[in-house]
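See below for the structure under consideration.
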Amino acid sequence: MDQSELIEKVAKELGISNTLSQRLLRATLREIRDLLRVGHAVTIPHLGTFDTATYEEHRGYRPASLDFAIFPKRRVPVFRTGTLLREDVYDIESEEGAPT
């Protein structure tokens, strides 16, 4: 499923236009991005938590130059799934392999 399909499904579910659904999705994603940018975590119950992880400056191997380099301190986005989502996906996978 891509973004346009998600927008259509949400619009149909809520009985709104695709344009409004797209605006809602973009506003939600923009707000999550803005909160992560300033270091706040965003938890959506039953789905998971969007957060950031900070990697300290470190020395590492750079294969392109066949040499070592100093990688700067940086903050990257991370996502941790919620328990319910993890269990639902696990259950779906186990049902697919079950004999009928």
Side-chain angles (χ1 to χ4, degrees):
M1 174 180 287
D2 63 11
Q3 181 175 329
S4 62
E5 292 170 331
L6 177 62
I7 289 168
E8 288 176 19
K9 280 188 157 269
V10 170
K12 186 176 180 181
E13 176 75 25
L14 297 178
I16 59 176
S17 70
N18 284 359
T19 304
L20 182 56
S21 177
Q22 181 180 30
R23 289 178 60 203
L24 288 170
L25 178 62
R26 286 184 178 175
T28 302
L29 295 176
R30 185 180 318 112
E31 190 62 29
I32 291 171
R33 183 192 65 219
D34 291 346
L35 288 167
L36 290 174
R37 189 177 284 159
V38 295
H40 292 282
V42 178
T43 300
I44 301 173
H46 308 297
L47 180 66
T49 301
F50 296 90
D51 203 354
T52 58
T54 302
Y55 293 104
E56 297 298 322
E57 182 179 279
H58 64 281
R59 181 176 180 250
Y61 183 69
R62 183 171 287 181
S65 63
L66 302 175
D67 200 6
F68 288 91
I70 300 296
F71 293 95
K73 181 177 180 178
R74 65 178 191 233
R75 189 171 59 199
V76 297
V78 294
F79 178 74
R80 291 184 306 276
T81 58
T83 304
L84 187 60
L85 174 63
R86 195 169 32 252
E87 289 172 355
D88 284 348
V89 170
Y90 178 79
D91 290 344
I92 290 171
E93 290 175 352
S94 64
E95 290 171 5
E96 288 175 355
T100 54

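- With Arg62 contributing its side chain and Ile70 its backbone, the two residues share no donor-acceptor pair below 3.5 Å.
- The neighbour count for Glu57 CD, taken as heavy atoms of other residues, nucleotides or ligands under 6.0 Å away, is above 12.
- Side-chain contact check for Thr54 versus Glu56: some heavy-atom pair is nearer than 4.5 Å.
- The shortest distance between side-chain heavy atoms of Leu66 and Tyr61 falls below 4.5 Å.
- For the pair Asn18/Glu8, a side-chain contact is recorded, criterion being any heavy-atom separation below 4.5 Å from C-beta on.
- In this structure, the separation between CZ on Arg37 and CZ on Arg30 is 11.0 Å, given to the nearest 0.5 Å.
- Within a 6.0 Å sphere centred on CZ of Arg23, other residues, nucleotides and ligands contribute 12 heavy atoms or fewer.
- Note: His58 and Phe71 have parallel aromatic rings, judged against thresholds of 30 and 60 degrees for the angle between ring planes.
- Taken together through direct or relayed side-chain contacts under 4.5 Å among Ile, Leu, Val, Met, Phe, Trp and Tyr, Leu47 and Leu35 form part of one hydrophobic cluster.
- Both Phe50 and Val89 are members of a single hydrophobic cluster when ILVMFWY side chains are connected at heavy-atom separations under 4.5 Å.
- Summarising the geometry of Ala11 relative to Ser17, their closest heavy-atom pair is CB-O, 3.7 Å, with the distance given to 0.1 Å.
- A distance of 10.0 Å separates CD of Gln22 from CG of Leu24, quoted to the nearest 0.5 Å.
- Under a hydrophobic clustering in which Ile, Leu, Val, Met, Phe, Trp and Tyr are joined whenever their side-chain heavy atoms come within less than 4.5 Å, directly or via other members, Tyr55 and Phe79 fall into different clusters.
- In the hydrophobic cluster analysis, where Ile, Leu, Val, Met, Phe, Trp and Tyr join through side-chain heavy atoms closer than 4.5 angstrom, Leu6 is grouped apart from Leu85.
- Both Ile44 and Leu36 are assigned to one and the same hydrophobic cluster, defined by single-linkage of ILVMFWY side chains at heavy-atom distances under 4.5 Å.
- The line from OG1 of Thr81 to CD of Glu87 is 10.0 Å long, rounded to the nearest 0.5 Å.
- Put simply, the residue from Val10, Leu20, Ile7 that forms a side chain to side chain contact (heavy atoms under 4.5 Å, CB included) with Leu25 is Ile7.
- In this structure, the side-chain contact (heavy atoms from CB on, under 4.5 Å) partners of Ser4, at least two apart in sequence or on a different chain, are Asp2.
- Heavy atoms from other residues, nucleotides or ligands lying under 6.0 Å from CZ of Arg33 number more than 12.
- Few gaps surround CZ on Arg86; more than 12 heavy atoms of other groups in view lie less than 6.0 Å from it.
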